[in-house]
Amino acid sequence: MLSWFDLQGRQQDMQTRLEFVDRVLDNIIEGRIKENSSGIKGDVEGHERKDFLQILLELKDQKDAPTSFNIIQIKALLMDIVVAAKDTTSTMVEWVMAEILHNPDVMRKVEDELTEVIGMKNIVEEYHLPKLTYLDAVIKETFRLHPPLPLPLLVQRCPDKSCMVDGYNIPKGCIVYMNIWAIHRDPKNWTNPLEFKPERFLSDNWDYNGNNLKFLPFGAGRRICPGIPLGEKMLAYILASLFHSFEWRLPKDEELEVSDEFGFVTKKKIPLIAIPSQRLSDASLYMG
Ligand code: HEM
C-alpha cells in the first residue's frame, strides 16, 4: 500500500532517467530523419549508411513491408539493443582482462599467439580473429566462470504443457529459471570447475549456440541471444587489440581478486585497474 507514496523516491528516479533516455533517443532519431529528408544518405566519408536505425526507419516508411513500426517501437528496439549489448560486452572485456592478468601463463600464451598470428609490425584486423584460437578459448573459459547474465533475470522459460524433467514435475504455465552460473561450475559437468583452464575449450568444437547444455552464456532455444555474432566478434577484436598493442600490469603492490557482485549484469566486485604500456615498437601504428 505504501508503494503508492514512493517513499524511497525510486519511481520518481526511474521516471527522470526514462525521460532522459527518451530525449537522447528522440534526438538521434529526429536527427537521422532530418538528414535523410535533406538528402544526406551517407556517413562523413560518403559511404551509404545501412545501420540498424536506418533499416528500421526504412521499414517504417515501406508501404508493403511485412511488419510495420512506429517511432515508439523503434525507440523500444534501440533501447533493447543498448541494454542487452552494452553492459554485457563491456563487463566481459573487464572479466577476460582480469583473468588474463590473474594467470601469467595464460597471458604469455595469449601474447605468443598474437605475435605469431598478427606480427609485431601490424595491428589487429578482423580477418585475424578466426586464427586466434587460444584467445577464443580464454574468452569461453571466462564466459564459463563469469557469465554476465548468470541468473534468472533473462533466461527464464514457461512450459506450455506439464512435463517431467529429471524426476521433477514441471507444471504447465510455471516460470522456470535457469541458473547458468551453477551449471557452469557444476563438478558433474566440468573437471576442477573452479580452475581457470582455457585448454578445456580447445577441443570438441565448443560454440555459443546453446546446443551443449553445459555451456549457455548466451542462453538457448528460440529466445537465445540474437547478438551472438556481434558480441563474439566485438569481444575478440577488442581484447586482441588491447593485448596486442599494449602490455598490461597491475598497479604496484595490488593483489588482483576475481570475485563478482550480483546485479542485472554480474560485474567484478572491485573494478579492474590495469596499467598499459606500448608493446609494438613502431609508434606510427598507434596513430588514428
Ligand atoms: C557478451 C555479450 C552478450 C551476452 C553474454 C548476452 C547474453 C544474453 C542472454 C543470456 C540472453 C537471454 C537468452 C535466453 O533467454 O535464452 C540475451 C538476450 C538478448 N540479447 Fe544478448 N548477450 C550479449 C550481447 C548482445 C548483443 C551485442 C546484442 C545486440 C546487438 C544482444 C541482444 C540481445 C537481445 C535483443 C536479447 C533478447 C532476445 C529475446 O528475448 O528474444 N545481446 N543475451
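Start at 1 with the first residue, then count along the sequence. Atoms within each ligand, like the ligands themselves, are counted from 1 in listed order.
- For an aromatic pair to be called close, the ring centres must be under 6.0 Å apart, and Phe143 with Phe215 fails this.
- Of the N or O atoms in Met92, none lie within a sub-3.5 Å distance of an N or O in ligand 1.
- In the vicinity of Leu230, heavy-atom distances shorter than 4.0 Å reach the ligand 1 atoms 30 (C).
- One option in Ala84, Ala220, Ala85 has a heavy atom closer to atom 29 (C) of ligand 1 than any other, and that option is Ala85.
- Across Val176 and Pro159, no two heavy atoms sit closer than the pair CG2-CD, 4.0 Å.
- Contacts with ligand 1 closer than 4.0 Å are made by backbone heavy atoms (N, CA, C, O) of Pro217 only, the side chain lying farther away.
- With a 4.0 Å cut-off on non-hydrogen atoms, Pro148 touches ligand 1 through its side chain and not its backbone.
- Taking all heavy atoms of Arg223, Glu232, Lys233 into account, the minimum distance to atom 39 (C) of ligand 1 is reached by Arg223.
- Of the heavy atoms in Ile224, only backbone atoms (N, CA, C, O) come closer than 4.0 Å to ligand 1.
- Comparing Gly231, Gly219, Cys225, Gly221 against atom 42 (N) of ligand 1, the shortest heavy-atom distance belongs to Cys225.
- A donor and an acceptor atom, one from each side chain of Glu19 and Gln15, are located under 3.5 Å apart.
- Ligand 1 has an N or O atom lying under 3.5 Å from an N or O atom of Arg157, backbone or side chain.
- Between Phe201 and Trp206, the ring planes are perpendicular. Angles over 60° get that label, and only those under 30° would be called parallel.
- Residues that satisfy the side chain to side chain donor-acceptor pair (under 3.5 Å) test with Ser162, not counting sequence neighbours, are absent from this structure.
- Summarising the contacts of atom 34 (C) of ligand 1 with Pro147, Pro226, Gly210, Pro229, the nearest heavy atom is found in Pro226.
- Contacts of Asp6 classified as salt bridge (charged side-chain N to carboxylate O under 4.0 Å, His left out), with partners at least two apart in sequence or in another chain: none.
- Here the rule is side-chain contact (heavy atoms from CB on, under 4.5 Å) with Arg185, and of Ile180, Leu145, Asn179 only Leu145 fits it.
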